[in-house]
Structures are given as C-alpha cells and as structure tokens.
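Report on the structure given below.
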2 protein chains.
Amino acid sequence: MKVLIVEDDPLHRAYLGDSVRAALPECSAVIEATDGAEGERLAREHGVAHVVMDLQMARRNGIEGARTIWRERPDTRILFWSNYSDEAYVRGVSRIVPPGAAYGYVLKSASDERLKLALRSIFIENQCVIDNEVRGTEQRSFARTGGISEVEYEILIDIALGLTDRTIARRRGLSLRSVQNRLQQIYDKLEVHQGAGQGPDAAFNLRARAVSVAIRRKLVNHGALERAEADLGDWLAAAAAGPRR
Amino acid sequence: MKVLIVEDDPLHRAYLGDSVRAALPECSAVIEATDGAEGERLAREHGVAHVVMDLQMARRNGIEGARTIWRERPDTRILFWSNYSDEAYVRGVSRIVPPGAAYGYVLKSASDERLKLALRSIFIENQCVIDNEVRGTEQRSFARTGGISEVEYEILIDIALGLTDRTIARRRGLSLRSVQNRLQQIYDKLEVHQGAGQGPDAAFNLRARAVSVAIRRKLVNHGALERAEADLGDWLAAAAAGPRR
DNA sequence: AGCGGCCTTGCGGGAACCCGCAGCCGGTCG
DNA sequence: CGACCGGCTGCGGGTTCCCGCAAGGCCGCT
C-alpha cells in the first residue's frame with residue numbers, strides 16, 4: 001500500500017509521515033507533495049489509492065486537488081486533515097465526494113490517537129470518519145435555524161461574487177422575482193436586518209450585509225470564492241458563445 | 001530575558017521554542033500561550049518585553065493580542081510569525097504598531113536561519129525586520145496601480161461590512177456624494193467594471209463585486225472583518241447614545 | 001374533489017445605488 | 001497673481017434593489 005501525503009507545511013508533513021508509518025505497518029511507501037497540483041501529478045504517476053490531504057494550501061488548495069483525483073479514480077480514499085471546521089470547507093468537501101467513496105475529515109487539533117484510528121478506519125476498513133466537531137457544523141447547516149439549503153447557498157455565492165439579480169436569474173434559470181425571494185429567505189436565515197430605521201435611514205445594504213455575515217460565520221471563505229469565480233468564468237464564456245437568451 | 005510565545009499549533013509552538021532557545025542564549029525563560037487572550041494575560045503577569053506571536057489563531061487572533069499588549073507596554077518587541085503575507089494582515093499589523101516600536105514580520109515558510117536572525121535583530125538589536133515577501137505586498141499596496149490609500153481602505157471595509165452610503169457618510173463625516181466618489185475610485189483601482197453591457201444588463205453589482213475582488217486579492221479577510229465589525233458595534237452604540245446629528 | 005402549503009412569477013413603488021455635470025475651496029506652480 | 005489640480009459637495013436621472021400584494025402551478029393530504 002502506497003500513501004500520498006499532500007501538505008505544504010514541512011512540520012506537519014513530517015508529523016503526518018511519522019503517524020502514517022506508525023499506524024499502518026502495511027504501508028510500503030510514503031509519497032509527499034507540497035501542494036494540490038503536485039499531489040494530483042504524483043497520485044496519477046504512482047497510482048496511489050490512499051491520500052492524506054491538507055485543505056488550504058498556498059498554491060492550489062486541497063479541494064481542487066481532491067476533485068481531480070476523485071475524477072480520475074473515484075475509489076481513492078482520502079483523509080482530509082484541516083485546521084478548521086468552517087462550513088465553507090465542509091460544504092466544499094461534501095459536494096465533491098463521489099457516491100460510495102470512503103473519506104474522512106479530521107482536525108489538526110485532534111489527538112495522535114484519533115488521527116491514527118482514522119487512518120486505519122478509512123484506509124483499511126474502508127469506512128467514513130468525520131470528526132465530531134465537523135459533524136457539528138454539518139448538523140447545524142441542515143438544521144432548522146441558520147440552515148442554508150443548497151439552492152440558497154448557490155444564490156448566496158452568486159451575490160458574494162457580485163452578480164446582479166438579473167444575472168443570477170439568467171444563470172440559475174429563474175425569474176427575477178424568484179431570485180429576490182430566495183434572497184429574502186437568505187436575509188431571514190442570516191438574520192440580516194436593516195439595522196436602524198426601516199425606511200429612509202436603514203444602516204445596512206442587505207445584500208452586502210448578507211455577504212459580510214456569511215463570511216463572519218464562515219459560510220463562505222476565500223477558497224470557496226476562488227472556486228466560484230472560476231465556475232463563473234466558465235459560465236460567462238459559455239453564455240457569450242451561445243446566448244440562447 | 002523572558003520570551004513569550006503565542007501560537008496555537010503545538011508543532012509550531014515546539015519548533016518556535018527550540019529556535020528561541022537556540023538563537024538566544026540570554027533567554028532565561030520561555031513562556032507559552034495558545035491564543036491571543038492567554039498571551040495578553042501571561043504578558044501582563046510576567047512583565048514580558050519580548051513576544052513571538054502567530055497571527056490567525058482560533059480563539060483570539062494575533063493582531064488583537066498584540067494591540068492590547070502594545071497598549072499596555074508600547075516598548076514591547078513583537079515578532080509576528082505568520083503563514084501568509086496577505087495585505088489584510090500587513091495593513092492590520094502596520095496600523096497598530098506604536099511609533100518607534102521594534103517589531104518583525106517573518107513568514108512560516110522562512111528558513112531556520114532567517115527566523116533566528118530575525119529573533120536576534122529584534123530582541124537584541126532592537127531593529128525592525130520585515131520579511132522580503134511581506135515588504136513586497138507592502139510596496140505594492142502603496143504603489144500607483146492597485147494601491148488603495150488609507151481613506152479608501154476605510155470605505156472599502158465599510159462596504160464590506162454592508163453599510164449604506166448614507167451610513168458611511170455619517171460615520172466618516174463626509175457628504176453622501178463624497179462617499180460615492182471614493183467608491184468610484186475604489187472601483188477603478190480594483191478594476192471592477194459592470195461586466196457585460198453598460199446599461200440595462202450589467203452583469204455585476206459594483207459594490208458587491210468590489211468586496212468580492214477585495215477578498216480574492218486578500219485586501220480583506222475574516223480577521224479584518226471581525227475587527228471592523230467590533231469597531232462598528234462601538235460606533236453604533238456611541239451614535240445611538242449621543243446622536244449629534 | 002377539495003384543501004392547504006410551498007414555490008414561482010408578475011406588478012408596482014419607495015429607497016438606495018451608480019454616475020455625469022458643475023460649482024466651491026485650498027494648495028501648488030509658473 | 002492667475003492657472004491648474006485634486007478633493008468635497010449638490011443636483012438630477014437612470015437603474016437596481018428591497019419587498020408587499022396577488023395570482024397561478026405542483027404536491028400531498030383528507
């Protein structure tokens with residue numbers, strides 16, 4: 001069994017290497033990469049089926065890397081090892097995991113024991129292991145209160161990108177009013193109010209305010225914006241090529 | 001000489017401790033804290049004058065911690081040790097450093113040598129040491145192109161918070177039109193255009209778009225938003241108490 | 001069938017936003 | 001001193017945003 005480690009911090013990389021070797025005697029080789037792009041390349045070259053991946057790396061982030069690895073080999077087992085349990089990361093991961101694939105999400109603050117256990121569970125037993133704290137944010141995200149649904153999340157990203165209502169409508173195949181309705185729901189769930197007086201002296205611009213609290217609540221972050229921007233670029237190009245109107 | 005290390009990652013904390021002891025034989029004690037709040041407390045209790053501080057920690061970030069430490073003892077020497085050279089961090093730091101204070105900014109990706117050199121320069125020689133890469137973003141930030149001035153930056157933060165033009169005007173003591181003029185400059189410098197057609201079918205909402213590219217360019221980030229939100233809260237309370245109108 | 005809920009869509013209007021035009025003022029330079 | 005520049009301000013209008021009201025469609029339940 002070959003294990004690929006993708007992690008840009010040398011200290012963490014070394015620590016991970018030790019843990020992998022200690023937890024998995026059946027591991028024949030540990031391969032190391034320092035960013036997502038290199039990880040993709042090495043995974044392809046070595047035909048690796050077991051990966052430990054950091055999210056949030058400097059040059060190419062872990063979600064991108066995992067996506068292309070999974071696209072090429074959907075049965076690859078990936079353990080995400082991250083500093084944060086931000087909803088943006090959790091959503092980003094759960095959106096790209098292929099059906100039936102075994103994966104894990106463990107925080108860097110977890111104990112040695114927990115990490116080794118997760119390694120064995122995922123790589124040997126083929127089971128999913130989600131850190132309890134991460135599970136927490138996942139739960140919250142689908143709970144009644146503060147729970148942003150998938151469709152709403154799309155629109156939220158769109159306004160975070162700075163799109164117009166009309167553009168969002170075209171992109172998502174909705175009417176203008178529907179987009180605005182969804183925005184209304186988002187404002188509700190994010191508890192965004194006008195601030196002071198309702199009418200002439202509202203303190204907040206709701207749309208901008210919603211983005212602000214979404215960022216503060218870690219629903220969206222830099223990585224998510226980058227990905228969304230790339231998608232948007234694709235769509236804009238496609239729309240310009242064949243504007244079916 | 002006592003040195004306080006504020007860093008939430010145990011691996012990095014241990015590494016820092018080793019480096020400090022190796023680089024500074026005159027160091028009599030190394031004290032460790034795992035977040036900004038604890039760092040403030042320990043600095044006060046031990047009367048520490050030499051601090052190594054991580055930015056971006058989970059519970060209370062380094063800029064907050066450094067601010068209160070410096071407020072209590074402006075001659076404290078602080079070395080910031082960070083993963084990133086984002087403009088938001090650089091601005092955040094350079095805004096709180098007291099006049100004449102010695103401080104440093106070194107990236108975690110720097111070599112062992114560089115870290116030790118910086119430790120000696122700052123703590124012993126009382127000199128400022130700014131990582132070259134950080135200097136780079138600092139330069140860029142004040143250069144002609146893409147250079148957001150301090151006043152513009154304030155307004156940028158305000159729209160990122162979701163404030164109305166009118167509210168910004170009140171807060172900053174400007175007329176409505178002046179705020180909008182500044183916004184215009186920001187749009188220019190951030191190269192934010194309407195996207196497709198000028199008039200009825202603009203793809204972008206400029207204000208939201210500006211925030212989006214500001215985040216992607218790392219002019220603002222989560223920590224900066226948190227701080228700005230706290231400031232805003234103070235101002236709102238003050239404005240409600242004595243609305244001089 | 002009838003009913004109630006949920007989502008979608010259209011309409012209308014008040015507020016906010018984006019921005020060109022123009023006047024005012026303090027500072028700099030020839 | 002006059003010319004010029006950059007920043008601040010008011011005015012006006014075109015567009016977008018925010019949102020209440022109401023009508024229609026789909027679905028499940030009684």
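Just so it is clear: chains get the letters A, B, ... in the order the sequence lines come, proteins before strands, and each one is counted from 1. What you are looking at is a predicted structure, and each value in this text was computed from that prediction instead of being measured.
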Handout entry: For atom CG of B:Asn181 and atom C1' of C:dC18, their distance in whole Å
Key = 11 Å

Problem - Any N/O donor-acceptor pair, A:Gln180 side-chain to D:dC19 base, under 3.5 Å - result: yes

Problem - Atom-pair distance (CD1 on A:Ile168; P on C:dT9), nearest Å - result: 14 Å

Exercise for the section: Enumerate the residues from residues 152-161 of chain B whose closest heavy atom to DNA chain C is under 4.0 Å, giving them by residue number; use none for an empty result. Expected result: none

Exercise for the section: Quick one: label A:Asn205 by what it contacts on the DNA or RNA (base, sugar-phosphate, nothing), any heavy atom closer than 4.0 Å. Expected result: sugar-phosphate

Practice task
Can you figure out which of C:dG10, D:dT9, D:dC19 approaches the side chain of A:Tyr187 most closely?
Solution key: D:dC19

Handout entry: Any donor-acceptor pair under 3.5 Å from B:Asp131 side chain to B:Glu133 backbone
Key = yes

Completion exercise
Looking only at D:dG7, C:dA16, D:dT16, the nucleotide nearest the B:Arg182 side chain is D:dG7

Problem - d(CZ, B:Arg209; C1', D:dT16) in whole Å - result: 17 Å

Completion exercise
Assert: residue with more 5' nearest nucleotide on DNA chain C, out of B:Arg207 and A:Val179, is A:Val179

Problem - Rounded distance in Å - CG (B:Leu183) to P (C:dC19) - result: 10 Å

Exercise for the section: Find which nucleotide of DNA chain C each of B:Leu206 and A:Arg177 is nearest to by heavy atoms, and output the residue with the more 5' nucleotide. Expected result: A:Arg177

Problem - Whole-Å gap separating P (C:dC19) and CD (B:Gln185) - result: 13 Å

Handout entry: Between CE on residue A:Met53 and CD1 on residue A:Ile69, distance to nearest 0.5 Å
Key = 4.0 Å

Exercise for the section: Quick one: sort the B:Tyr105 and B:Phe80 rings into parallel, tilted or perpendicular, breaks at 30° and 60°. Expected result: tilted

Problem - Donor-acceptor contact below 3.5 Å, side chain A:Thr167 vs main chain B:Ala203 - result: yes

Practice task
Take B:Arg209 and A:Glu229, measure what salt bridge (charged side-chain N to carboxylate O under 4.0 Å, His left out) needs, and give me the verdict at the end.
Solution key: CA-CA 11 Å; B:Arg209 184 64 177 167; A:Glu229 181 73 23; 2.9 Å; yes

Practice task
Name the nucleic acid region contacted by B:Thr164, choosing base, sugar-phosphate or nothing; use a 4.0 angstrom heavy-atom cut-off, strictly under.
Solution key: sugar-phosphate

Fill in the blank from the handout: From CG of B:Leu176 across to C1' of C:dC19 the rounded distance in Å is 12 Å

Exercise for the section: Would you indicate what B:Leu174 reaches in the nucleic acid, counting non-hydrogen atoms under 4.0 angstrom: base, sugar-phosphate, or nothing? Expected result: sugar-phosphate

Handout entry: Atom-pair distance (CG on B:Asp165; C1' on D:dT9), nearest Å
Key = 15 Å

Handout entry: Check against salt bridge (charged side-chain N to carboxylate O under 4.0 Å, His left out), B:Lys108 and B:Asp54
Key = CA-CA 9 Å; B:Lys108 289 191 178 180; B:Asp54 185 22; 3.5 Å; yes

Exercise for the section: Begin with the C-alpha distance, continue with both residues' side-chain angles, and end with the deciding distance and a verdict on salt bridge (charged side-chain N to carboxylate O under 4.0 Å, His left out) for A:Arg182 and A:Glu154. Expected result: CA-CA 10 Å; A:Arg182 295 239 171 105; A:Glu154 276 186 349; 5.9 Å; no

Practice task
Check the distance between C:dC6's C1' and A:Gln184's CD and give it to me in whole angstrom.
Solution key: 16 Å

Exercise for the section: Can you figure out which of C:dG10, C:dC17, C:dA16 approaches the side chain of B:Arg166 most closely? Expected result: C:dA16

Exercise for the section: May I ask you to verify if any side-chain N or O of B:Ser178 is less than 4.0 angstrom from the OP1 or OP2 atom of D:dC8? Expected result: no

Exercise for the section: Go through the structure and list residues passing side chain to side chain donor-acceptor pair (under 3.5 Å) with B:Ser82, not counting sequence neighbours. Expected result: none

